[in-house]
Number of protein chains: 2
Amino acid sequence: MPDDASPRVSTLEDVALVAGVSRASVSRVVNGKAGVAAHIVEAVNDAIARTGYVPNRAARSLVTRRSDTVLVVVSGSDTSRAGPWGPGDVLADPFFGRVAGGLMSSLRPRDVHPVLMLAVTDDERSRVLSYVREGSADGVLLVSAQAGDPLPQMLTDAGLPVVLFSRPDHPLPLSYVDVNNRAGGALAADRLVERGCRSVGIVTGPLDIPGAEDRLVGFREAMARHGVAYVPSAAGTFSVESGVAAMSTLLADHRVDGVFASNDNMAVGAILAAQERGLTVPDDVAVVGFDDSTAALMCRPTLTTVRQPIEEMAAEMARLLLERLDVPDQRPSAAIFEPALVERGSA
Amino acid sequence: MPDDASPRVSTLEDVALVAGVSRASVSRVVNGKAGVAAHIVEAVNDAIARTGYVPNRAARSLVTRRSDTVLVVVSGSDTSRAGPWGPGDVLADPFFGRVAGGLMSSLRPRDVHPVLMLAVTDDERSRVLSYVREGSADGVLLVSAQAGDPLPQMLTDAGLPVVLFSRPDHPLPLSYVDVNNRAGGALAADRLVERGCRSVGIVTGPLDIPGAEDRLVGFREAMARHGVAYVPSAAGTFSVESGVAAMSTLLADHRVDGVFASNDNMAVGAILAAQERGLTVPDDVAVVGFDDSTAALMCRPTLTTVRQPIEEMAAEMARLLLERLDVPDQRPSAAIFEPALVERGSA
DNA sequence: CCCGCACCAGAGAGCGCTCTCTGTGTGCTC
DNA sequence: GAGCACACAGAGAGCGCTCTCTGGTGCGGG
């Protein structure tokens, strides 16, 4: 530590001394407590300015038993969402950054700070528990990209405040935010039918992920409503390459003229695969994506896609946790967001 | 807090009581200090297991004056890197996630945790300073996407340990990691020339960003070496759309047959713009990108691009900070990584 | 005029931990 | 067998803060 200028950083005590009041009064002023005489407030603020006082968070946290910190856990196997960019892959998906941005918009006004943690191994999972047990964080915001993730269960068992992004894969007494995936699938189906597609297919995500399953179900239900009983499907892994592969089999086996891909990455892959076969999008085959991510504007034609308001969802997720921390004995609640179709060129 | 199961979380004292030793001994065992008799170690570990003891980080931090936490600051104006996805845009670029992943790979083994902070306003910048002043973080890892960012200066002035991603725009006594941008520009030039391009252009990033400037300089120098004195340029903002726009003017004004775009997003835009004009990539016009990001595989042809090892760079950045924290009186150092050309379809 | 009450500043304990310092027991040397 | 050094456990202070509790002051009412 560079102790050149300041041999020791100033404490409450120092401020009290300079202001000629007691530590308690300084504390009251610093924390904006009511019932302090104006002249004392002034003297203290003056002393604070003069000493450059900054309250020590560890000391405060020790007595208040609050860290004003939440743990943001990204829990997924390394290969589930993104490409071969090494460990920490999950983070390379812009999805993650958007979630982070949304979280921060709720956290910042409350002066709560997010600390990032990856949890793919068992060891890492137990570290998550320890971290909040040791009082380093007040709660957990969990973004799980993994099917059968034991972490939600572990956290509720431990009685720790947690909010999930996406519905957990089996019912648990905890809060989460999600998009109405069924409705999203229906939106895509309606669009494809409206365009006059006669033979539609779907590129799904990994079906052990509830959201991916729901999008499929919603899509199929809507197609059934339109009188189409059978919808061929091919599963992908949410990556561009998997979209290319899935689309290729769909095209080869079923000569589809309309496809719903369960996320934008795979939709981009689907467009690429179609074009490679000499097909024109959207005339020969229409493609609808899901997410409205940055990828939607990276392809031609640009992607018609089902938008999920990730930033807002993440913001709400943080808000739910904060609320839970303020009022501990709350029942868990779910916030479900309605998706919207964004019409661009591909369908 | 759900005090159902545990009325109070167990402390060192409790463990000491159970183990029948002193607090000091427990502390020694917990921290793996040498010189503790085997039977005591055993008794303590046993007691820890039985009580479910987890050390309180605030208390520890209060006395050690170490938080085992570093601040990861993303400092940039909201609009500099990514698209119109609202506030927190900077994070939507996969670039950020890759950096985060790289950082964590160095931080995790040392059990240091990253807390995330955005700094675009003055208020937020001063919060960064406060945060480490109040002992909440031991140092700062700064990813600045902004030209003329005052934060590096502020941090060095305050004498706080900081490491930058990318060379600061004016010389400062601090450590940073960067890629050899000049060499990267040269790699792109060599490739274009090698392909037989006779009229090359460059889509630059914002030229007040040192890295963008360096890529331009490196590219021009190499072209000069190949006997080409003049290289037309058009500036973009690192976004896909800006790449489309810049490429369009280059194509219209200079009929280029080879282009170097200063990042992959803009390179994708360049390909799109070329194809919109009925040109074939790479035959009519070759395109080289920079980064080797996820976008490189989202277009057809796939992107030939100058790879910068973002994860490794970020990992090194964290390592530099950790080192600086261990040995405070170190001179700042720079770690420059060599870029490499990744050959794919576009050039 | 004196008592009581409201209001607000100060004193002091203590949050859970680390770390220095002291004390004790052991094994060694002479 | 006495003295000494060494190894290791325990006692205790104190990190910077919050918060309860106490006590002093000034006012109004009886």
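Every chain is numbered from 1, with letters handed out A, B, ... down the list of sequences.
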*Asks:* With a 4.0 Å cut-off, would you call B:Arg66 and B:Asp326 a salt bridge?
*Replies:*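 The answer is yes: the pair qualifies as a salt bridge.
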*Asks:* Between A:Arg65 and C:dG16, does any side-chain N or O lie under 4.0 Å from OP1 or OP2?
*Replies:* yes
*Asks:* For the pair made of CD in A:Glu134 and P in C:dT18, what is the distance, rounded to whole Å?
*Replies:* 11 Å
*Asks:* Can you tell me the distance, in whole Å, between the CD atom of B:Glu42 and the P atom of D:dC8?
*Replies:* 17 Å
*Asks:* Taking all non-hydrogen atoms of both residues into account, name the closest pair between B:Asp178 and B:Arg167 and its distance.
*Replies:* OD2-N, 2.9 Å
*Asks:* Nearest whole Å is fine: how far is D:dC17 C1' from B:Asn56 CG?
*Replies:*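 It is 13 Å, rounded to the nearest whole Å.
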*Asks:* Between B:Asp111 and A:Arg127, is the closest basic N to carboxylate O distance under 4.0 Å?
*Replies:*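 Salt bridge present between A:Arg127 and B:Asp111.
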*Asks:* Quick check on the 6.0 Å ring-centre criterion: do A:Phe96 and A:Phe165 meet it?
*Replies:* no
*Asks:* For B:Arg60 and D:dG14, what is the distance between atoms CZ and P respectively, to the nearest whole Å?
*Replies:* 22 Å
*Asks:* Please give, in whole Å, the distance from D:dC17 C1' to A:Arg23 CZ?
*Replies:* 8 Å
*Asks:* Of the candidate nucleotides D:dG16, C:dC19, D:dT18, which contains the atom at the shortest distance from the side chain of A:Thr11?
*Replies:*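 Given the options D:dG16, C:dC19, D:dT18, the side chain of A:Thr11 is closest to D:dG16.
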*Asks:* Using whole Å, what does the distance between atom P of nucleotide C:dC21 and atom CZ of B:Arg28 come to?
*Replies:*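 My rounded result for the distance is 14 Å.
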*Asks:* Under 4.0 Å from OP1 or OP2 of D:dT18: is there any side-chain N or O of A:Lys33 that close?
*Replies:*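 Indeed not, no polar side-chain atom of A:Lys33 lies that close.
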*Asks:* For A:Val21 and B:Arg57, take the nucleotide of DNA chain C holding the closest heavy atom to each; which residue's nucleotide lies nearer the 5' end?
*Replies:* A:Val21
*Asks:* Looking only at side-chain N and O atoms, does B:Ser25 come under 4.0 Å of OP1 or OP2 in D:dG10?
*Replies:*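 Answer yes for this pair, as a side-chain N or O of B:Ser25 is under 4.0 Å from OP1 or OP2.
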*Asks:* Scan for salt bridge (charged side-chain N to carboxylate O under 4.0 Å, His left out) pairs involving residues 42-56 of chain A, sequence neighbours excluded, and state none if there are none.
*Replies:* A:Asp46-A:Arg50
*Asks:* Which nucleotide in the list D:dC17, C:dT18, D:dG16 gets nearest to the side chain of B:Leu12?
*Replies:*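 When the side chain of B:Leu12 is considered, C:dT18 is the closest of D:dC17, C:dT18, D:dG16.
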*Asks:* What is the separation between atom CG on B:Leu17 and atom P on D:dG10, rounded to the nearest whole Å?
*Replies:* 12 Å
*Asks:* From the options D:dA9, D:dT18, C:dA9, select the nucleotide whose nearest atom is closest to the side chain of A:Thr64.
*Replies:*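 The closest nucleotide is D:dT18.
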*Asks:* Identify whether any heavy atom of B:Ala24 sits under 4.0 Å from a base atom; if not, whether one sits that close to sugar-phosphate; answer base, sugar-phosphate or nothing.
*Replies:* base
*Asks:* In whole angstrom, what separates A:Asp68's CG from D:dT18's P?
*Replies:* 11 Å
